[in-house]
Amino acid sequence: MSQHLEPDENTALLRNENGKAFKETQEQYKSRWRSIRVMYLTMFLSSVGFSIVITSIWPYLKKIDLTADASFLGWVVAAYSVGQMVASPIFGLWSNYRPRREPLIVSIFINVAANILYAYVHIPSSHNKYYMLAARTCVGLGAGNVAVVRSYVAGATTLNERNSAMANMSASQALGFILGPVLQACMSFIGERGVTWELIDLQLNMYTAPALLGALFGVVNIVLVIAVLREHCVDDLERSFNNINSISEERVEVTGDAEEGIDQVAVVTSNLLFFVILFIFAVFETISTPLSMDMYSWTRAQAVYYNGIILAAIGFESILVFMAVKSISKITGDRLVLLGGLVIIFCGFLILLPWGNQFPKIQWTGIQNTTTNGTFSATTNVTSSPPRNDLSEPTGCPAQQTWCQYIPVIHLAQYITSDILIGMGYPACNVMSYTLYSKILGPKPQGVYMGWLTASGSGARTLGPVFVSQVYTSLGPRWAFGAVCGLVVAAVVLLGVMYKRLIAFSLRYGRLQEQVAA
């Protein structure tokens with residue numbers, strides 16, 4: 001039997017344990033797509049588990065440990081990514097040699113346990129912020145299974161299917177980001193006191209309920225992985241395909257010094273671009289709650305509720321972008337969509353720069369305003385007592401952040417417009433970076449490479465929160481967001497320089513047969 005098979009246009013070739021290709025049956029096709037959809041659901045539930053607490057971390061941290069400040073918030077948010085960065089290559093390597101079900105079940109179990117720990121971090125009498133740090137690190141370790149999910153989908157789809165599959169996976173991730181903040185906003189009505197189950201010393205309130213719901217989602221995910229997931233591997237090199245990109249990308253002249261194998265320069269470039277994309281979004285999601293509390297004098301409950309609604313709207317917008325990207329990338333090519341997304345993100349952060357002569361209200365916690373300075377009073381909107389919640393919770397921009405006295409307020413219209421633009425540019429960059437990377441790698445097992453991509457993103461999500469919390473606290477939003485704009489410009493330059501190398505493995509070495517319409 002010949003090893004080179006010529007199936008019809010809509011049939012994939014699978015590889016068995018001996019590496020031989022065989023034509024996919026209808027039942028195998030159904031099983032393959034059931035498994036892929038389980039991966040979509042795994043990505044969705046992972047996103048829900050992360051986003052369901054993201055808007056309440058800062059208020060929860062301030063409530064359980066009075067010694068925590070905005071700088072420590074950066075470390076708490078970054079802890080998730082540190083854990084993911086460490087675990088991703090390990091789970092990726094594991095999935096290359098063992099059934100993917102194993103690392104998936106172990107990682108989800110870690111996630112469940114970590115969410116339960118998060119619900120109990122208020123109990124110790126001291127050092128509560130470090131318990132929260134540990135809990136978020138363990139949640140990140142569990143999230144290292146994202147590398148396994150991505151490598152599975154990349155290996156179980158043909159090149160024709162991959163753009164759509166990657167977009168669907170990113171849409172599942174965005175849908176998780178939608179429902180997470182929505183559920184958190186709904187649970188804000190439970191209140192900070194909530195109810196207590198004394199038998200197990202569990203306090204169910206607006207901060208712990210989302211984490212416990214995330215743990216429940218993890219249990220459901222484990223059941224589905226055990227019951228439905230099956231191993232499938234598509235053989236891309238045994239067949240020809242229709243165009244996977246625009247005509248312009250198929251006609252790219254391949255550099256002559258390329259070695260037979262994966263283009264490592266393109267791999268490194270893709271990882272750097274992915275790092276920048278995740279760094280930018282990590283900055284945005286970390287600073288949104290502290291920024292809104294400082295600029296608009298929102299209370300903890302208001303910040304959780306309003307930012308939950310805003311993030312939910314961004315998630316819904318992201319799904320629309322993911323759906324549009326499928327069609328647009330077929331016309332323009334993946335790289336142009338990636339470039340356009342970076343430009344939109346740049347505009348979003350540029351708009352977020354503060355301007356004007358209106359200043360935020362100052363929070364004078366523990367400071368007696370006994371002197372009057374005419375110039376100071378004229379340029380800052382000083383209040384000796386916080387608005388709204390003056391008996392229990394001070395609000396406004398903390399006086400300890402000296403930039404509050406001279407940096408103009410970021411208007412709510414600026415904040416919302418920036419949210420809209422970032423919510424449009426980020427998903428386009430996200431899905432195109434995944435898609436390009438999987439095409440650059442080609443048909444070889446991608447577990448380790450996807451693990452490094454996830455580790456790259458985790459590194460960005462580690463440095464991003466730490467960077468923005470330190471710079472924002474010390475220098476203010478002008479320096480923080482200005483630096484982000486500079487980073488986006490650097491990414492655009494890198495993409496332009498390496499543009500011709502960021503093409504599919506099969507295109508690069510002539511393993512696709514172009515079919516040009518007559």
Side-chain angles (χ1 to χ4, degrees), residues 14-19 35-36 38-40 42-43 45-46 49-50 79-114 137-157 162 165-166 169 173 218 221-222 225-226 229-237 261-275 278 433-462 505:
L14 304 182
R15 277 181 287 168
N16 59 21
E17 295 179 354
N18 297 322
S35 298
I36 290 172
V38 169
M39 294 296 95
Y40 292 163
T42 301
M43 183 68 80
L45 294 178
S46 176
F50 171 76
Y80 172 92
S81 302
V82 171
Q84 190 179 52
M85 180 171 59
V86 171
S88 291
I90 297 173
F91 287 134
L93 183 63
W94 188 351
S95 70
N96 275 1
Y97 295 97
R98 297 288 301 169
R100 291 178 175 91
R101 186 181 301 174
E102 294 179 7
L104 284 172
I105 292 174
V106 170
S107 60
I108 298 169
F109 179 80
I110 293 173
N111 191 284
V112 170
T137 302
C138 292
V139 171
L141 289 172
N145 62 15
V146 172
V148 182
V149 173
R150 289 172 185 153
S151 66
Y152 182 91
V153 174
T157 54
R162 199 162 299 161
M166 288 294 183
M169 186 167 63
Q173 188 176 37
N221 199 1
I222 290 175
V225 167
I226 294 174
L229 183 67
R230 299 293 181 269
E231 294 289 329
H232 295 280
C233 187
V234 171
D235 190 342
D236 282 338
L237 293 184
I262 296 173
D263 185 352
Q264 298 297 334
V265 174
V267 167
V268 172
T269 300
S270 298
N271 275 275
L272 289 175
L273 290 173
F274 189 68
F275 177 91
L278 268 292
S433 58
Y434 286 143
T435 305
L436 268 174
Y437 192 66
S438 67
K439 291 179 179 179
I440 289 168
L441 296 180
K444 297 183 179 181
Q446 298 185 5
V448 174
Y449 278 102
M450 284 295 180
W452 288 120
L453 184 71
T454 303
S456 174
S458 299
R461 295 178 75 104
T462 300
F505 180 95

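All heavy atoms count here, side chains included; hydrogens, waters and symmetry mates do not. Since the structure is predicted, the reported quantities are computational estimates derived from the model, not experimental observations.
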Do Trp94 and Val106 have side-chain heavy atoms sitting under 4.5 Å apart? yes
Contact check, side chains of Gln84 and Leu141, non-hydrogen atoms, under 4.5 Å: no
Where do [X] and [Y] come nearest, in terms of heavy atoms and distance?
| X | Y | value |
| --- | --- | --- |
| Tyr40 | Ala165 | OH-CA, 3.3 Å |
| Ile36 | Ala156 | CD1-O, 3.7 Å |
| Val148 | Gly92 | CG2-N, 4.4 Å |
| Ser270 | Ile440 | OG-CD1, 3.4 Å |

Calculate, to the nearest 0.5 Å, the distance between atoms [atom1] and [atom2] belonging to [X] and [Y] respectively.
| X | Y | atom1 | atom2 | result |
| --- | --- | --- | --- | --- |
| Asn145 | Met43 | CG | CE | 8.0 Å |
| Met169 | Thr42 | CE | OG1 | 11.0 Å |
| Thr137 | Tyr80 | OG1 | OH | 12.0 Å |
| Leu273 | Leu278 | CG | CG | 11.5 Å |

Sidechain-backbone polar pair: [X] side chain, [Y] backbone, donor-acceptor under 3.5 Å:
| X | Y | answer |
| --- | --- | --- |
| Arg101 | Leu229 | yes |
| Ser433 | Phe274 | no |
| Ser107 | Gly144 | no |

Decide side-chain contact (heavy atoms from CB on, under 4.5 Å) for Arg100 and Val149; before the verdict, give the C-alpha distance in whole Å, the side-chain angles of both, and the deciding distance to 0.1 Å. CA-CA 9 Å; Arg100 291 178 175 91; Val149 173; over 6 Å; no
Result of checking Asn221, Asn111, Ile108 against Leu45 for side-chain contact (heavy atoms from CB on, under 4.5 Å): Asn221
